[in-house]
Amino acid sequence: MSQNERFVKKITPKSVDFSRWYVEIIQKTELADYAPIKGMMVIRPYGYSIWENIQSIVDKRIKESGHTNAYFPLFIPEGFLQKETEHLKGFAPEVAWVTHGGSDELEERLAVRPTSEAIIGNMYAKWIKSWRDLPVLINQWANIVRWEKVTRPFLRTTEFLWQEGHTAHETSEEAQEETLMILSLYKEFVETELAIPVISGMKSEREKFAGAMKTYAIEAMMSDGKALQMGTSHNLGQHFSKVFNIRFEDRNQKLQYVWQTSWGVSTRLVGALVMAHGDDSGLKIPPRIAPFQVVVIPIAIGDWKKNILPKAQEIANGLKKKGVRVKLDDREEFTPGWKFSEWEMRGIPLRLEIGPKDIEKGQVVTVRRDTGQKEALAQASLDKKVIEFLSDIQKNMFEMALKFQEENTHEVKDYAEFKAVMESKRGFIKTFWCGDTACEEKIKDDTMATIRVIPHDIEKKKNSRKCIRCQKPSESLVYFAKAY
RNA sequence: CGGGGAGUAGCGCAGCCUGGUUAGCGCGCCUGCCUUGGGAGCAGGAGGUCGUCGGUUCAAAUCCGAUCUCCCCGACCA
């Protein structure tokens with residue numbers, strides 16, 4: 001079959017208009033729909049099931065690494081937010097306020113949480129008294145409201161869903177270790193399950209979380225060459241413990257402030273999935289998080305309910321028993337061709353077709369979403385082959401994304417080339433930077449590119465290099481990109 | 001928040017400039033027949049407070065004002 005032929009015709013090709021392509025995919029595959037309130041969306045069942053799959057895997061990993069779940073209030077008293085100055089400055093412009101309860105005006109306004117450091121800090125102060133109470137390792141799954149001026153489904157919505165971990169430790173070293181452990185947990189999750197390669201590292205001062213001592217992040221390249229932050233892990237130092245008075249008596253009977261971290265991933269990951277893997281035919285969902293991994297389409301010809309459907313059911317049930325998520329599409333009102341396009345657009349990794357010719361030959365036709373490859377397989381060995389296919393598709397999707405990332409990561413010889421690359425090709429620019437925020441600002445003004453990440457494993461090594469813009473000595477290798 | 005564009009049936013659009021019977025078209029939807037290996041065909045049918053509120057007028061989808069939402073480009077920002 002021709003790889004160039006476009007079977008799915010109702011989506012604007014992404015080469016024509018990337019933004020439009022993105023929004024159309026989301027609506028037409030029923031991931032989400034716009035709600036009648038600015039910046040808010042409804043996550044529809046198909047989109048929500050992807051989020052649930054993400055959730056259950058992340059939740060498992062968080063618990064395996066020693067954390068437990070809890071739940072804190074949606075509202076935060078204004079006074080709590082004001083305690084950490086940087087935190088307040090960072091979030092004040094985008095906080096939604098509750099001013100009334102029924103018809104009575106509240107004495108103190110309540111913030112709808114933009115993040116929960118403040119309310120959790122307040123509780124930790126009550127709970128933590130001794131070094132024996134530490135570490136506190138708590139995570140919560142919650143909704144968050146940030147009154148953003150520019151919104152986009154999944155990438156930046158007024159309300160979104162996430163998990164936020166909040167931990168408290170005895171020592172600075174322990175907090176730093178936790179911060180980096182979570183960062184690598186996120187990286188491993190995104191690469192293994194979402195099949196999206198990421199660059200991990202530290203944020204510059206300009207880009208760090210409001211109130212953090214250090215912010216680390218994983219950044220991925222979307223297929224238009226722009227960067228998307230996929231998750232963050234903050235070392236909060238003692239910024240919050242000092243203002244919320246979270247103190248404990250240490251092993252030497254001295255009062256100390258705890259060292260804290262916070263970290264999160266959100267429903268933005270669903271948007272990343274669309275933009276990192278999708279093509280002109282629609283979504284491509286990696287098998288490990290796809291709502292359905294396999295769709296079985298019986299070809300309805302003649303007395304198909306008697307001759308074909310039972311075999312299709314048998315195949316579907318056999319795969320289900322092996323733990324494969326299978327959808328049998330036996331709807332009568334659609335033709336096979338229609339179903340092929342529909343499930344292709346929805347990004348199901350593997351399609352099985354079974355018709356009279358296949359019954360005759362004892363085979364099933366398989367079509368991979370990642371490559372479009374069509375292959376007839378013997379029914380006898382089908383289960384085993386399907387499982388192999390799924391793991392191969394997962395691997396191949398990661399490799400294709402990695403190849404794209406590598407091909408679009410540029411090293412430039414001077415600032416003129418830097419500007420030229422940002423204007424034409426986009427992608428990541430891997431280069432050296434002096435460490436000065438003013439210089440970083442200037443680069444942003446000139447090119448719209450910001451520092452996405454300072455890879456931590458090499459951040460101190462190459463001290464003989466010079467800043468790409470100002471030529472001052474540089475210690476930091478950094479990645480620049482235009483970001484979402 | 002600044003500049004630009006848009007909102008008419010589930011989706012995509014025409015009509016608006018130049019106000020005037022019953023607001024159209026394609027796809028989708030419903031019923032029936034017939035079909036089904038890459039988005040079938042025929043026949044019949046349903047579906048609209050023209051985003052919302054107000055104004056002008058004998059009369060408003062159409063003119064005026066406000067407002068809400070979406071898209072693009074900036075500013076801001078996980």
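Keep in mind it's a predicted model, so treat the numbers as computed, not measured. Convention: sequence-line order gives letters A, B, ...; per-chain numbering from 1.
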Contact nearer the 5' end of RNA chain B, comparing A/E332 with A/E207: A/E332

N/O to N/O distances under 3.5 Å, protein versus nucleotides 68-73 of chain B:
| residue | atom | partner | partner atom | Å |
| --- | --- | --- | --- | --- |
| B/U69 | OP1 | A/K38 | N | 3.4 |
| B/C70 | OP1 | A/G39 | N | 2.7 |
| B/C70 | O3' | A/Y34 | OH | 3.2 |
| B/C71 | OP1 | A/Y34 | OH | 2.5 |
| B/C72 | OP1 | A/S19 | OG | 3.0 |
| B/C72 | OP1 | A/R152 | NH2 | 2.8 |

Counterpart residues, side-chain contact (heavy atoms from CB on, under 4.5 Å), relative to A/K339 (two or more places apart): A/I297, A/D329, A/R331, A/F334, A/W343

Listed nucleotide nearest any side-chain atom of A/K357, set B/C1, B/G37, B/G38: B/G37

Ring-face cation of A/R346 near A/Y46 (centre distance under 6.0 Å, axis angle within 45°): yes

Pairing partner (Watson-Crick or G-U wobble, both distances under 3.5 angstrom) of B/G41: B/C33

With A/K203 via salt bridge (charged side-chain N to carboxylate O under 4.0 Å, His left out) - residues at least two apart: A/E219

RNA chain B: 5'-proximal contact among A/K203 and A/G337 (nearest heavy atom): A/G337

A/F244 and A/F240 aromatic ring geometry - parallel, tilted or perpendicular at 30°/60° bounds: parallel

Sugar-phosphate only, base, or nothing, as touched by A/P356 at under 4.0 Å among non-hydrogen atoms: base

Sugar-phosphate, base or nothing in reach of A/K208, heavy atoms under 4.0 Å: nothing

Residue-phosphate contact under 4.0 Å: A/K444 side-chain N/O, B/C76 OP1/OP2: yes

Sugar-phosphate, base or nothing in reach of A/R346, heavy atoms under 4.0 Å: nothing

A/H166 vs A/S262, side chain to side chain donor-acceptor pair (under 3.5 Å): CA-CA, chis, key distance, verdict: CA-CA 5 Å; A/H166 295 267; A/S262 70; 4.7 Å; no

A/E94 and A/P114, any side-chain heavy atoms less than 4.5 Å apart: no

Closest nucleotide among B/C77, B/G39, B/A75 to the A/E94 side chain: B/C77

Sugar-phosphate only, base, or nothing, as touched by A/K28 at under 4.0 Å among non-hydrogen atoms: nothing

